[in-house]
Each structure stands twice: as C-alpha cells, then as structure tokens.
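Here's the structure, in structure tokens; my notes come after.
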2 protein chains.
Amino acid sequence: MSVPVSKQELDSLMQPVVDLWNERKTREGSSDAVFGTLRDAILTRTLVPGPQFAEEDLARTFGVSRTPVREAILRLEAERLIERRGGRRLSVARISPTEILEIYDVRVALDGVAAELAARNATPPQIAQLRWLNNQMISFAEAADFARVSSLSLEFHEHIAEAGGNAFLLSQIRVVHDRVRRFERSTLQQPGRLGTASNEHELLLDAIEAGDVARAAEVARGHMLNAKKIRLGMTEVPPPE
Amino acid sequence: MSVPVSKQELDSLMQPVVDLWNERKTREGSSDAVFGTLRDAILTRTLVPGPQFAEEDLARTFGVSRTPVREAILRLEAERLIERRGGRRLSVARISPTEILEIYDVRVALDGVAAELAARNATPPQIAQLRWLNNQMISFAEAADFARVSSLSLEFHEHIAEAGGNAFLLSQIRVVHDRVRRFERSTLQQPGRLGTASNEHELLLDAIEAGDVARAAEVARGHMLNAKKIRLGMTEVPPPE
DNA sequence: CCGCTCAATACTGTCGACATTGCACACCGT
DNA sequence: ACGGTGTGCAATGTCGACAGTATTGAGCGG
C-alpha cells in the first residue's frame, strides 16, 4: 500500500490528473500549470497520500521536462502538500489524525479574532452576502452535495475574516483552510451536524450584525470547538500512509 | 530609491550576504545554501526591500548557475520573503505598516490558545526553562543587546506553544514569527517596554504554572495587545520601498 | 537460509544553451 | 516637441545532458 507502484499503475492513478492538466496547460506556463494541477488534485483528493513517484514520472505524465516539475514540487513542498520520504521518494503529504485535531485549535483561535473584527467592521452588504452563503450551504446540504457544502463552509469563514478587514489574518486562515480541505467533508456528514452548524452560523451572524464583539467571538469559538468534538467522536482514519 | 541599481552598487550591497554564503556552501547543496543564505540575510535585515535584482545577478554573486538560484527564489516567494515587482524585477518583499499592525491581531489569537494549552499541559521542567529564557532576556536587555532580546522573546513564545503540545499551532506561530523578525526589535526598545514585557511574561508563567487556563489566555492576549499599542504609538516607518 | 558486499541502475542536482517574451530606447511622423 | 511605432536587448522559462549519489538486486560467504 505504501510501497512504490509500477509505471502502469501510476499512469492509471494519474489519469484524472491529466484531465485537470489539459484544461490548464493552454493558458498558463508549464511550471505554473503543473503546480496548479497538482495542487488542485491534492486538495480535491484526486491525488492521495499512498503512491510514491519520481520527478521524471510526473514529467512524462505531463509531457514536459523535469525543470517545471521540479519547480512545482518545490512550491508544493513549501506548502507541505508534498513530502519526501526517505529523502528521495516523493508522495502526497500525509495528514495525521493528531494533526487534524490540532488544526481545530488553531481555527478556534483564528476564527475567534476574525469574528471579533467582523463584529466591529462588517458592512451591511457583507453581512447580507454572508447570510446568502449560509443559505446556499443549506441548499446544497439538502441536495446532499457535501463536497460543495464543505467548500462553502470554508468560504463562509473566509468571508467573515474578509469582513473583519485584516488581510494578514485572512491569508493565515486561507493557509489553514487549504489543509482542512484535505480531510473535512466527513465532519459535516455526521447526522444532525449540518443543521447545528448552520444554526451556529446564524447566531454568529446575528452577533456580528449587532456589533456584539464578545458574543461573536464566543459563538465563533464555540462553533469550532463543536466541530472538533464531532471529529473527536469519529473513528474514521485518514487516508492510508 | 526604488529603481534598479547598478552592478557595482549591487555587489557592495551583497558583500555581507556573500560572507553568510561562504559559511554554508561547503556543507549544503547549492540550492539549499542559496535559499538558506538569502533567508538568513532577509530575516536579519542584512538584505532590505530597496534594491531590485535579477536571477542572473544572484547567480553571479554566488558563483552558481541560475538553476539553484531559481529554486531558492521560488521557495522564498512561497514564504513571501521575496516578491516580483512589475512581473519581472525581484526584490525583498516589503512589509507595510498596515500589515505590521495586522500581524499583532493574529499573534493575539495564536499566543492566546498557546497559553491555554500550556496551562493545561506544561511540565515543571518546561516551565523552568521558560523562566530561564525570560531571565536571559532581562540580562541581554541590560546589555542593551536588543537583537538578541527580540530573538529570545520570540523563542519564549515558541516554547510556550511547544509546552502546549500542539505541533501545528507551533508551526503556524513560527511562520508568523518569521515575519515578525523583520520589523520587531524596535518595539522592545521603547523606554519601559522591556520591563513591562518581562513582568507580563512572569505573570503568564505564574498562570501557566498554576494551571489557570482562563487567566493564562487573558494575560497572553493582554501582553500582545500591549505590544500592539506600543507599535501603534510609534511613528517609525518600515524600511523604504 | 540469512546477511553482507559490490556492481548495475535509477534518480537527483546542477549546468549551459536556446527560444520566447516583455521592456527600453531610439526613430519616425505629425 | 510629443506621441506612437518598431527594433534591439535583456531577462525569463524551458529543455536536454551530465556528473554525482542513493538504491536495488545479484552474487557471495557465513
């Protein structure tokens, strides 16, 4: 499972990635296109942590030389989306169950201030858009489209940070979200969680709209702590090594 | 001031960087050595945001081909330590006064949870080490060695995160600190600030030692908010564009 | 049958070269 | 004298090649 795979196996694993690639390579330079393709593939879990590969494999897959592939990998390594095992073999970075839980604490902190700032600075149109986003989430939830629900949920929180007006905070939240994308989705599928989540979102928006800084922070933190609790109760193991 | 510089000017600007380079190039590969050298140079403000340069300039400076330089730059761009202006010219990334203030809000959040976790999980030896670090800080302060004081202060906060036991949180704090290194130092030089800061550190350690989660969080947040206030009162502008 | 050594192999890190792209400056027309 | 246009140059993005080095597997010895 965690051993190197044959060339044929690798090719079939890469097929969906090649599809993403074909849409990109026309408009972007090779290096950026490879980077973007792999990044998307990893974040959408088209590419998972199991298989190991070499630079040359990717170069052949994409039909480019090793140079742009190397550059893409370097950037992905910097984002901790790809890692080297044993110094030489490349693989999609693994996320440990421990790290998943750890991330929630960071989100508690970050979303907490984001909510505070939003309560201070959000404008009515921004709040309206946030309500709209939350409703969208509910709609997709009814359609059982959890991928989109999860994505909208992250977007919701990013918009709160944006309404707070702190660009650096927003960028940090984005970084964290890009790790979250790789495992969340399952949390929201827990029975009842989604209803609770959108209620909590409503409460948060009310607090923000009222300009109640303390309550906004409290609700935001509580919201994320609840998500963590759900996750704690789940036995699901993350994608294999 | 913000225009490209001549080759001679650039050479003299790079001289201290070359010194850093000579210590590294023996033990590391070219790419890593260039990366590390530039990174150190930027974080220690040996290299500042003003001058603009091209890949080839750096390659000539270090006596390597453009390939390792490109790779180093790519990684530095990912860390937002280097930026491209007008798409083509490279330069050390600038930090805006706005961003400096924004960063404090993120630190309030991050150090807040870090303190909470430390209050829960810190072991006596860890607390002892924290006290030692704080005393070191005071010593260097008396010697007016503000560079070291600033560095120790960051280390102090990183150790608190470490004592909290959340590795992901620690890594995020480190990322933020690597931005802070580029401007802090001046805050602690404000008259009286240092005394207050070390007192606040003591209070924080007391709360952690007592396992008082709420108070630890409160003190930590207050500590960082005070630092922000000092910064707000300062008129100093960051290094020129 | 297992472990060790050594050789063949596969992969990486670095280089110089080339095509392409964007920029600056001079030239031309008004 | 000024704006637009075109040409030349400089810098980037990409490539294939090569040398150095870890890895794998075969053959040998215990």
Side-chain angles (χ1 to χ4, degrees), chain A residues 2-11 13-14 21-22 24-39 51-78 82-93, chain B residues 2-11 13-14 21-22 24-39 51-78 82-93:
Chain A
S2 78
V3 277
V5 291
S6 75
K7 300 241 183 282
Q8 295 87 336
E9 288 175 282
L10 199 75
D11 281 350
L13 284 170
M14 294 300 277
W21 163 255
N22 286 327
R24 278 186 179 267
K25 66 172 173 194
T26 51
R27 10 173 232 281
E28 299 174 35
S30 304
S31 182
D32 292 339
V34 173
F35 172 72
T37 302
L38 288 176
R39 190 169 196 281
Q52 305 185 345
F53 47 86
E55 292 173 5
E56 218 176 345
D57 299 328
L58 295 178
R60 206 160 358 87
T61 305
F62 294 125
V64 297
S65 84
R66 264 178 53 222
T67 310
V69 172
R70 267 181 81 79
E71 297 187 347
I73 288 173
L74 236 22
R75 290 200 263 172
L76 292 166
E77 265 184 303
I82 278 190
E83 65 187 7
R84 293 187 184 281
R85 303 217 189 132
R88 224 152 156 102
R89 303 210 158 280
L90 291 168
S91 170
V92 174
Chain B
S2 77
V3 278
V5 291
S6 74
K7 299 241 184 281
Q8 296 86 336
E9 287 176 280
L10 198 76
D11 281 351
L13 284 170
M14 294 300 277
W21 163 256
N22 286 327
R24 278 186 180 267
K25 67 172 172 194
T26 50
R27 13 173 229 281
E28 299 174 34
S30 303
S31 183
D32 291 339
V34 173
F35 172 72
T37 302
L38 289 176
R39 191 169 196 280
Q52 304 185 348
F53 47 85
E55 293 174 4
E56 216 176 346
D57 299 328
L58 295 178
R60 205 158 1 86
T61 304
F62 294 125
V64 298
S65 86
R66 263 178 55 225
T67 310
V69 172
R70 266 181 82 79
E71 297 187 346
I73 289 173
L74 236 21
R75 291 200 263 172
L76 292 166
E77 266 184 301
I82 278 192
E83 66 188 4
R84 291 185 186 281
R85 304 219 187 129
R88 228 150 155 102
R89 302 208 158 281
L90 291 168
S91 170
V92 174

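Values below: every heavy atom of this structure, side chains too, minus hydrogens, waters and symmetry copies. A note on names: the letters A, B, ... follow the listed sequences, proteins ahead of strands, and every chain is numbered from 1. None of the values given here were measured: they were computed from a predicted structure.
- The closest side-chain heavy-atom distance from B:Arg84 to B:Ile73 is below 4.5 Å.
- Between A:Phe62 atom CZ and D:dC15 atom P the separation is 13 Å, expressed in whole Å.
- Going from atom CG of A:Leu58 over to atom P of C:dA10 covers 18 Å, rounded to whole Å.
- Of the candidate nucleotides D:dT14, D:dA11, C:dG13, C:dG13 has the atom nearest to the side chain of A:Arg66.
- At least one side-chain nitrogen or oxygen of B:Ser30 sits closer than 4.0 Å to the OP1 or OP2 atom of C:dT14.
- Across every non-hydrogen atom of B:Val69 and B:Val34, the tightest pair is CA-CG1, 4.3 Å.
- The side chain of B:Glu56 has D:dA11 as its nearest neighbour among D:dT14, D:dT24, D:dA11.
- Between B:Ser65 and C:dC15 there is a side-chain polar atom (N or O) within less than 4.0 angstrom of OP1 or OP2.
- As rounded to whole Å, 11 Å separates atom P of C:dC15 from atom CZ of A:Arg70.
- The shortest heavy-atom contact between B:Thr61 and B:Met14 is CG2-CB, 3.9 Å.
- B:Glu71 has its CD atom 13 Å from the C1' atom of D:dT14, to the nearest Å.
- Between A:Pro51 and A:Leu13 the shortest heavy-atom distance is CG-CD1, 3.5 Å.
- Along DNA chain D, the nucleotide closest to B:Thr67 and the one closest to B:Phe53 are compared, and the more 5′ of them pairs with B:Phe53.
- Following rounding to the nearest Å, B:Leu90 (CG) and D:dT12 (C1') show an atom-to-atom distance of 10 Å.
- The interatomic distance linking A:Glu28 (CD) with D:dT14 (P) rounds to 11 Å, in whole Å.
- Taking atom CZ of A:Phe35 as the reference point, atom P of D:dG13 lies 14 Å away to the nearest angstrom.
- Atom CG of A:Asp57 and atom C1' of C:dA10 are 11 Å apart (whole Å).
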task: Applying salt bridge (Lys or Arg N to Asp or Glu O under 4.0 Å), run through B:Asp32 and B:Arg75 and close with a yes or a no.
output: CA-CA 10 Å; B:Asp32 291 339; B:Arg75 291 200 263 172; 2.6 Å; yes
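- Side-chain atoms of B:Arg88 and base atoms of C:dT21 include a donor and an acceptor less than 3.5 Å apart.
- Side-chain nitrogen and oxygen atoms of B:Ser31 include none within less than 4.0 Å of the OP1 or OP2 phosphate oxygen of C:dG13.
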